[in-house]
There are 2 protein chains.
Amino acid sequence: MSLRHALLGMLAEHPASGYDLLKRFNTSLAHVWPAKQSQLYGELGRMAEAGLIAVTDTGARNRKEYSITPEGRDELHRWLTQTKPDRSFRSESLLRVFFLWTLSPEEAAAYLEEFAEEAARHLAAFEAIRDHAPWRDTEPDRYARITLEHGLRDARTAVEWARWAGAEVGAAHTAATA
Amino acid sequence: MSLRHALLGMLAEHPASGYDLLKRFNTSLAHVWPAKQSQLYGELGRMAEAGLIAVTDTGARNRKEYSITPEGRDELHRWLTQTKPDRSFRSESLLRVFFLWTLSPEEAAAYLEEFAEEAARHLAAFEAIRDHAPWRDTEPDRYARITLEHGLRDARTAVEWARWAGAEVGAAHTAATA
DNA sequence: TAACTCATGTAAAAAGTTACATGATTGG
DNA sequence: CCAATCATGTAACTTTTTACATGAGTTA
């Protein structure tokens, strides 16, 4: 239940509403653990029922501000230190590479080019965040930057791989048709 | 519906049973699109009903061999050329990094060390596959190796990042307690 | 003949996505 | 006052996971 722990982690920093948390899922968290609005409100309700968080303030427009409880902090700590992360990994764009042999060499090359371009756009977006986001000198932000650095390196690796793969495919095609 | 297209892609190479396909989901495909046994058999049934694949042979122990149909090939091609891959990305181990500030510096460092070790094990496993798998000189295998190369580069990047991150965290701790 | 591998299936639950629905408040 | 943003909720559906269930053929 990573969504639950993502919410606990954010609330450990400071109280927030579902709407506030959603904004973070649409920005920083989107790159490591995407979540939709409908999923969020449901989970917050269940977490409150379980005593991990509590409504500590209400505002205009039916706003509910949630705070993490001591039980919630315990659960967050338990998750981080006593459980192993699920390292399974899904990538539709990489899955497709397995099946590029069913396409013409031109189509396969086009796919890898688009892959490289997309990765380059991704990289540029991360660089923009690194250089222009309003970073504070706080511990949470230090770790956010460390996580971002992973994204940067990952995107760079992806660009390089896709260019290499494109060349690899092109070379084989040239050799086969020469 | 990536699972469906993963199955089509494998059957495009040659006919296979659910059990055969499952073995590939437990080896090569496991690194880009994990799937469980129960999901597979259900999906194969639905695909046969939709006319994308068909049972072309039956063997001992109730074995059913599926083949891709012309409609299935069309659908695979349509997927690869006419639709954009979903690039969303989930990583529980990276999500955790966001919340390491809630731990003691020692606990955070231990997490990043374990991350590096796990990535190194991953890298070693990929190298073993590259060097010892029974690669054939075929187009499908060429693309499988290209996909594997992504995994290798990705794992290398992860090891380097985790070591850098560990040093980063350690340095901050030393500075703060000096 | 016992253990192992082959081989398929289903049921229930959890997690995630898409779509619909509603209304308050604020800024121009 | 109109558009945008804030703010929450629910219903239906799809996807994925976990667990149970069964039995045929193979090998030591």
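All values below were derived from every heavy atom in this structure, side-chain atoms included, with hydrogens, water molecules and symmetry-related copies excluded. Quick caveat, the model's predicted, so the values are computed rather than measured. Letters go in sequence order (proteins before strands), and every chain restarts at 1.
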Euclidean distance, atom CG of residue B:Leu3 to atom C1' of D:dT14 [Å, nearest integer]: 12 Å
Nearest-nucleotide wise, let me know which of B:Ala60 and B:Asp86 is further upstream toward the 5' end of DNA chain C. B:Ala60
CG of B:Leu7 versus C1' of D:dT15: gap in Å, rounded? 14 Å
Which listed nucleotide (D:dT18, D:dT8, D:dA11) is nearest to the side chain of A:Lys64? D:dT8
Regarding B:Ser17, tell me which of base, sugar-phosphate or nothing describes its non-hydrogen contacts under 4.0 Å with the strands shown. sugar-phosphate
Round to a whole Å and report the spacing from CG of B:Leu44 to P of C:dT8. 8 Å
Please indicate whether B:Glu49 has more than 12 foreign heavy atoms, meaning atoms of other residues, nucleotides or ligands, lying under 6.0 Å from its CD. no
Roughly, in whole Å, what's the span from CG in A:Leu40 to P in C:dA15? 14 Å
Flag the pair B:Arg156 and B:Glu160 as a salt bridge only when some basic side-chain nitrogen lies within less than 4.0 angstrom of an acidic carboxylate oxygen. no
Using whole Å, what does the distance between atom P of nucleotide D:dG25 and atom CG of B:Asn62 come to? 10 Å
Look at the side-chain heavy atoms of Ile, Leu, Val, Met, Phe, Trp and Tyr, link any pair under 4.5 Å apart, and say whether B:Ile53 and A:Leu95 land in one connected group. yes
Check every atom of C:dA7, C:dA15, C:dG16 against the side chain of B:Arg90 and return the nucleotide holding the closest atom. C:dG16
Any donor-acceptor N/O pair under 3.5 Å between D:dT16 base and B:Ser38 side chain: no
Does the pair B:Glu43 and B:Lys36 meet the rule for a salt bridge (Lys or Arg N to Asp or Glu O under 4.0 Å), with working shown? CA-CA 11 Å; B:Glu43 187 61 26; B:Lys36 301 292 167 87; over 6 Å; no
Return the value, rounded to whole Å, for the distance between atom CD of B:Gln39 and atom C1' of C:dA14. 13 Å
Regarding C:dT8, can its base be found pairing with the side chain of B:Gln37 as donor and acceptor, where the two atoms are less than 3.5 Å apart? yes
Spacing between B:Lys36 atom NZ and C:dA7 atom P, to the nearest angstrom: 21 Å
Whole-Å distance separating the CG atom of A:Asp20 from the P atom of D:dC6: 10 Å
Heavy-atom distance under 4.5 Å between the side chains of B:Leu29 and B:Met10, does that happen here? yes
Contact under 4.0 Å: B:Tyr41 side-chain N or O vs C:dG9 OP1/OP2: no
Starting at the 5' end of DNA chain C and moving along, which residue's nearest nucleotide shows up first, B:Gly18 or A:Arg61? B:Gly18
